[in-house]
Number of protein chains: 2
Amino acid sequence: MISRKKLPRPLSADAMALIARRFAVLSEPMRLRLLHALFAGEKSVNELVALTGGTQTNVSRHLQTLTHAHMLTRRKEGLQVFYAISDPSIFQLCELVCGSLEKQFSRQADVFAR
Amino acid sequence: MISRKKLPRPLSADAMALIARRFAVLSEPMRLRLLHALFAGEKSVNELVALTGGTQTNVSRHLQTLTHAHMLTRRKEGLQVFYAISDPSIFQLCELVCGSLEKQFSRQADVFAR
DNA sequence: GCGTTATATGCATGTATGCTCATATAAACA
DNA sequence: TGTTTATATGAGCATACATGCATATAACGC
């Protein structure tokens, strides 16, 4: 009988580069702010500019990056373009990282509290 | 009665920068190769150099980065230094990203197969 | 057609960071 | 003490990328 324990899959160097690229897309604060703003649902570029406080140029560039990484979908309607999160795993990724950071900080807080 | 649906927590710009930093640490192929090599358990620097094919200098630098990010622990024993994964959420993060990439590629494969 | 609004992009610049070479530290041992 | 082995680090270089300015494209109304 084969063990049911979940094993890490073997990963090629190519696969590793793809995964790294995906993490890189998530490694910019402005892109995270955009994703966070989109958690509630699709928004136009102008709305995102207002919500994040970025310049129009910069917001547009980052939206392009996120779309090329297949994390967002783009829908044009008249003059406006609406973006929305297309990859639900984004939510889980952020939750995981948040949880891990919270643990780390609460441990550090414990040390200071002694 | 309060809804039980899991809501995304509100995130400050500072929190966002911390999360981004964490993703940035995971966004280098060599660091992912090191983490992957450590999935099976702790290893010395020399072993990691052999397993990843990197130079000693470079491997040492990346191990330092991962350790400062609290993803690895460092244990010195005689001349050797052993590193091990200290944050179990790393496994889940990689699984999530791998799964999401697999879905993306199988969709693309479908398109080509038509 | 012309002007206006929403979004995208070419170019230039600054900053961050990965990589390598040489050298430094640190521990073991003769 | 001097030598060897394992790991870390300082300096310099190259590259990637985020940002802003100006301008281009695209859709709408007149």
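No experiment lies behind these values; they were computed from the predicted model shown.
- Distance CG (A:L48) to P (C:dA6): 14 Å, rounded to an integer number of Å.
- In this structure, the CD atom of B:Q80 is 12 Å from the C1' atom of C:dA28, given to the nearest Å.
- Here the side chain of B:R33 pairs a donor or acceptor atom with the backbone of B:T52 at under 3.5 angstrom.
- Below the 3.5 angstrom threshold, one finds no donor paired with an acceptor across the side chain of B:R61 and the base of C:dT17.
- Across every non-hydrogen atom of B:V49 and B:G54, the tightest pair is CG1-O, 3.3 Å.
- Side-chain N/O atoms of A:S44 and A:N46 include no donor and acceptor closer than 3.5 Å.
- When DNA chain D is scanned 5' to 3' for any atom under 4.0 Å from a heavy atom of chain A, the first and last hits are D:dC17 to D:dC28.
- Between C:dT17 and B:H62, no contact under 4.0 Å exists linking OP1 or OP2 to a side-chain N or O.
- Of all the heavy atoms in A:E42 and A:A84, the pair that sits closest is CB-CB, 3.5 Å.
- Nucleic acid contact class of A:R21 (heavy atoms, under 4.0 Å, all strands): sugar-phosphate only.
- If you measure from atom CG of A:L63 to atom P of C:dT9, you get 12 Å, rounded to the nearest angstrom.
- Side-chain polar atoms of B:R22 and A:S27 form no donor-acceptor pair below 3.5 angstrom.
- Residue-level contact check: A:F82 touches neither bases nor backbone, having no heavy atom under 4.0 Å from any strand.
- Across all strands, A:T55 comes closer than 4.0 Å only to sugar-phosphate atoms, never to a base (heavy-atom distances).
- Atom pair B:Q56:CD and C:dA22:P shows a separation of 14 Å (rounding to whole Å applied).
- Residue side chain B:T57 reaches the base of C:dA22 through a donor-acceptor N/O pair under 3.5 Å, judged by distance alone.
- Taking atom CD on A:E77 and atom C1' on C:dT5, their separation rounds to 15 Å, with Å as the unit.
- A donor-acceptor contact shorter than 3.5 Å is absent between the side chain of A:R75 and the backbone of A:F82.
- Nearest heavy atoms, B:T73 versus B:S86: CG2-CB, 3.2 Å.
- Straight-line distance from the CG atom of A:N58 to the P atom of C:dA6: 19 Å, rounded to whole Å.
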